[in-house]
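None of these values were measured; they are calculated from a predicted model.
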2 protein chains.
Amino acid sequence: MKSGKKSAGTKTAKGEQTKALILSTALELLQERGYEATTMRAIAAKAGVSLGNAYHYFSSKDQLIQAFYHRTHSDHVRVSLTALQKESSLKARLLSVIRLKIDTLEPYHEFAGVLFQTAADPHSPLNPFALDSAPVRRESIKLFEDLVAETKARIPSDLRAELPYLLWLYHMGIILFWIHDSSPKQARTYRLIDQTVDLLDKLISLASNPFMRPVRKRALKLVAELKNFETAV
Amino acid sequence: MKSGKKSAGTKTAKGEQTKALILSTALELLQERGYEATTMRAIAAKAGVSLGNAYHYFSSKDQLIQAFYHRTHSDHVRVSLTALQKESSLKARLLSVIRLKIDTLEPYHEFAGVLFQTAADPHSPLNPFALDSAPVRRESIKLFEDLVAETKARIPSDLRAELPYLLWLYHMGIILFWIHDSSPKQARTYRLIDQTVDLLDKLISLASNPFMRPVRKRALKLVAELKNFETAV
DNA sequence: GTCTATAACCGGATAGAC
DNA sequence: GTCTATCCGGTTATAGAC
């Protein structure tokens, strides 16, 4: 997955319609056949447009995948925000959000691998070491900010500040595991989530302990540096 | 990067030669021009063989990249083993090995991204959640076993058992960072290495403390499970 | 049976006419 | 905004040479 150029702006209502048609067709095919078998030609044909026209709206196959990612991301944020209203403890909140993420992605397990190969690409919006510039990623981390903000757990402010990013990173790790998980209904991933959330909760308490302060300070300084990494080339 | 079929065995001396020629030509071109610009046709042309012949020895462009990875990996193991003879503390040993890894990869920074996009592919030998089956990966972890084995730091045996895998995972993370690092001479990566090794050393001591036993036990059980994950599809 | 070559296929991407 | 024609490069089929 390469960094994407912008897709053509849709200036007219008709264009908007065509674009939406192409995207939904692509999603259907991706779900049915997986990534490789879903050729741009097949998408165009099924959507009843020419190949060239498909490229007019999505400048690459990647753009289509990005668009897919946006969609699942929005879905996830929406259901998560609802769920968060029902939970107050950090642990319960985190558990909900992560489980919902996997629930959201579930229909696309077959081809999700391709999506996250992206994380290794310096230009990807999922790049874990990039500045906050990519909107998807910023939004994605924002969810974890909300998650942390409204919990009343006693967490030192230095840790609290970095926790959203750390949890986002953790969630990326879970997704990576899930991609590889071929157990029935991805049961292993859900088990892993239960166990890791439990552990994380304990580790956060531990790290909040005053006598951990020096190590914590040092670790957090590192994390901040990691994050504010200049990726511009 | 897809999982690779086996390349044709080289049965004759001449074949061996041709194969080596193609590989070294590919490496040159990759270093000169990067991944995309190094087409199979260009490799074949520069090596003075036909396209079909190149494919006889490397059944895909991927295979070529894998072969490259093997080569840098062997280089790294070799220099690391030498370096390890000079260091006894865990911290110094780890620092050497990780720095040398980046040194080894340095000439290929330009196109390394492609290489590690692979890690997200369930069939990749770099897959962090696969069984130990892939030889490259097993060997790769073996280096960290050697690293840990001959250090006399007081580490509880449960942690000691998982430490090689954990350090390998850490080293993969460093590589991921390095791929994204466009600072001059990748200075940021080297700084990150210094800082993280320092921190890891402290964390290992901390985790070795008897009062950490419950958390440690729990975390290690998780790690073992993570690792012995059945990837077969 | 191992090598080597040529020709073709396929799918992502682009150019340019309408 | 839409199309057709074309490029380009990974990959495959296949046939002849050692």
Within the pair [X] and [N], is there a side-chain N or O less than 4.0 Å away from OP1 or OP2?
| X | N | result |
| --- | --- | --- |
| A:Ser59 | C:dA13 | no |
| B:Asn53 | C:dC3 | no |
| B:Lys19 | C:dC3 | no |
| B:Ser60 | D:dG10 | no |
| B:His56 | C:dT4 | no |
| A:Thr18 | D:dT2 | yes |

B:Tyr35 six-ring face occupied by B:Lys61 cation (under 6.0 Å, within 45°):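 Judged by the rule (NZ or CZ under 6.0 Å from the ring centre, within 45° of its axis), B:Lys61 counts as positioned above B:Tyr35.
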Compare the minimum distances between each of C:dG12, C:dC3, D:dT11 and the side chain of B:Tyr55, then state the nucleotide with the smallest one.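 Nearest to the side chain of B:Tyr55 among the choices is D:dT11.
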Could you work out which one of C:dT4, C:dG11, D:dT11 sits closest to the side chain of A:Thr39?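 Of C:dT4, C:dG11, D:dT11, C:dG11 is nearest to the side chain of A:Thr39.
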DNA chain D: B:Lys61 or B:Lys14, which has the more 5' nearest nucleotide?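 Its nearest nucleotide lies further toward 5', so the answer is B:Lys61.
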Separation of atom CD in A:Glu16 from atom P in D:dT2, rounded to whole Å: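 For the pair A:Glu16 CD and D:dT2 P, the rounded distance is 12 Å.
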Whether B:Trp168 and B:His171 hold their rings parallel, tilted or perpendicular, with breakpoints at 30° and 60°: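 Aromatic pair B:Trp168/B:His171 classed tilted.
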Enumerate the residue pairs fulfilling salt bridge (Lys or Arg N to Asp or Glu O under 4.0 Å) with a member in residues 99-108 of chain B, sequence neighbours excluded, ordered by first and then second residue.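 Passing the test, one end in residues 99-108 of chain B: B:Arg99-B:Asp194.
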Pair listing, salt bridge (Lys or Arg N to Asp or Glu O under 4.0 Å) test, anchored in residues 43-58 of chain B, at least two apart: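 Salt bridge (Lys or Arg N to Asp or Glu O under 4.0 Å) check on residues 43-58 of chain B returns B:Glu28-B:Lys46, B:Glu32-B:Lys46.
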Under 4.0 Å, heavy atom to any atom of DNA chain D: which of residues 42-52 of chain A qualify?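 Within this stretch, A:Val49, A:Ser50, A:Gly52 sit under 4.0 Å of the strand.
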